[in-house]
Protein chains: 2
Amino acid sequence: MRLQVSELANLCSVNKETIRYYEKENLIPEPSRNQSGYRMYEESTVKRVKFIKRMQELGFSLREVHKLLGVVDHDDVRCKDMYDFVSEKEKEIEKKINDLERMKDVLIDLKGRCPSTKDLHECPIIETLIVD
Amino acid sequence: MRLQVSELANLCSVNKETIRYYEKENLIPEPSRNQSGYRMYEESTVKRVKFIKRMQELGFSLREVHKLLGVVDHDDVRCKDMYDFVSEKEKEIEKKINDLERMKDVLIDLKGRCPSTKDLHECPIIETLIVD
DNA sequence: CTTGACCCTGTACCATGGTACAGGGTTTAT
DNA sequence: ATAAACCCTGTACCATGGTACAGGGTCAAG
């Protein structure tokens with residue numbers, strides 16, 4: 001069972017222009033077309049689009065996601081220097097997890113101080129993330 | 001000891017236009033001026049700008065950082081609904097940390113498969129993040 | 001007393017990641 | 001056989017978060 005562009009877009013919670021945009025940017029493969037020239041997608045594209053969206057939310061740019069998808073697509077060009085690329089990203093993620101943990105603790109602290117304006121204002125937000 | 005705009009920018013690794021931009025967007029308070037009308041910043045602004053940059057890298061928009069800074073600025077308007085705002089953000093961060101952990105594991109797996117093209121191509125990237 | 005390195009305001013421009021038509025064809029339901 | 005609901009391509013436009021002048025003032029060093 002193949003999907004038309006609107007069906008795909010709905011399943012991925014993006015709109016159809018975004019699907020076309022991803023195609024133009026080579027983030028998803030060119031789909032086959034039916035007799036009328038309509039794009040017909042494989043079901044696997046749903047997961048691929050969701051993956052792209054989530055990676056973006058995690059802080060990867062579309063260019064970076066494209067690079068990483070080189071592995072999925074068995075593309076030797078994009079797989080070149082993959083080790084270095086991945087090592088770099090891994091380090092960034094590590095640091096990010098660390099800071100997000102700290103930020104989470106601040107937010108929990110902050111919540112505990114609400115709604116008392118007085119307590120709230122004493123919450124050390126900046127200091128938790130930035131040290132001298 | 002007060003800082004001129006370029007000094008502040010250098011200490012924060014941003015450029016001076018960004019500082020002016022943040023001022024326009026009310027992310028940093030209007031600095032005092034010297035006799036020539038030059039902006040003179042308190043040293044505490046360094047940490048504030050660094051905080052803004054890092055929060056952005058962690059996935060917060062400047063509007064969200066602005067809201068959060070309401071606590072630091074003792075601003076009752078921005079502190080309204082702070083509990084709900086923070087609860088929402090906390091949930092997002094939680095999910096993000098989770099997915100980043102998973103992504104980190106994928107990247108480590110991926111690294112271990114390099115440079116063998118054959119092994120590399122078998123790495124399940126999308127599946128680790130997106131389930132049916 | 002001028003050259004270089006600062007600063008000012010204002011406005012234009014840029015990249016990223018979309019979003020929204022316009023102008024036209026197809027397909028299904030009535 | 002015609003309206004509604006799809007699809008197509010192409011191009012314009014949008015928000016966010018800056019970045020880069022232009023045109024002009026200030027100040028310290030030689």
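A, B, ... follow the sequence lines: proteins, then strands. Residue 1 opens every chain.
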Atom [atom1] of [X] to atom [atom2] of [N]: distance rounded to whole Å?
| X | N | atom1 | atom2 | value |
| --- | --- | --- | --- | --- |
| Ile19(B) | dT9(C) | CD1 | C1' | 17 Å |
| Glu25(B) | dA15(D) | CD | C1' | 11 Å |
| Met40(B) | dC7(C) | CE | P | 10 Å |
| Arg33(A) | dC8(D) | CZ | C1' | 8 Å |
| Glu23(A) | dG18(C) | CD | C1' | 15 Å |
| Gln56(A) | dA15(D) | CD | P | 19 Å |
| Asn34(B) | dT26(D) | CG | P | 11 Å |
| Glu17(B) | dC8(C) | CD | P | 11 Å |

Discussion item. Heavy atoms only, 4.0 Å cut-off, all strands: where does Lys53(B) land among base, sugar-phosphate and nothing?
Written reply: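 Counting heavy atoms under 4.0 Å across all strands, the contact made by Lys53(B) is with sugar-phosphate only.
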
If you check every side-chain atom of [X], which of [options] has the closest atom?
| X | options | answer |
| --- | --- | --- |
| Val5(A) | dC8(D), dC6(D), dT19(C) | dC8(D) |
| Tyr21(B) | dC8(C), dC21(C), dG17(D) | dG17(D) |
| Tyr38(B) | dG25(C), dA20(D), dT26(D) | dT26(D) |

Worksheet item: Does the distance from a Lys or Arg side-chain N to an Asp or Glu carboxylate O, for Asp109(A) and Arg113(A), drop under 4.0 Å?
Response: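 Looking at Asp109(A) and Arg113(A), the cut-off is met.
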
Worksheet item: In terms of side-chain geometry, is the basic nitrogen of Lys104(B) or Asp99(B) positioned less than 4.0 Å from the acidic oxygen of its partner?
Response: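 Result for this pair is no, no salt bridge flagged.
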
Fill in: Partner of Glu92(B) by side chain to side chain donor-acceptor pair (under 3.5 Å), out of Lys89(B), Lys95(B), Lys96(B)
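Answer to the side chain to side chain donor-acceptor pair (under 3.5 Å) test with Glu92(B) among Lys89(B), Lys95(B), Lys96(B): Lys89(B).
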
Discussion item. Ignoring hydrogens and geometry beyond distance, is the side chain of Tyr22(A) in donor-acceptor contact with the base of dG17(C) at under 3.5 Å?
Written reply: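 Donor-acceptor pair under 3.5 Å: no.
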
Worksheet item: Donor-acceptor pair under 3.5 Å: do we get one between Arg20(A)'s side chain and the base of dG10(D)?
Response: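 A donor-acceptor contact between them is present.
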
Worksheet item: Looking at Val71(B) and His121(A), what are the two nearest heavy atoms and their distance?
Response: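 Smallest heavy-atom distance, with atoms named: O-CD2, 3.7 Å.
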
Under 4.0 angstrom between [X] side-chain N/O and [N] OP1 or OP2:
| X | N | result |
| --- | --- | --- |
| Lys16(B) | dT9(C) | no |
| Gln4(A) | dC7(D) | yes |
| Ser36(B) | dC8(C) | no |
| Arg39(B) | dC7(C) | no |
| Ser6(A) | dC7(D) | yes |

Worksheet item: Just by distance, with hydrogens left out, do Ser32(A) and Arg2(A) show a side-chain donor and acceptor under 3.5 Å apart?
Response: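 Yes, side-chain donor-acceptor contact under 3.5 Å.
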
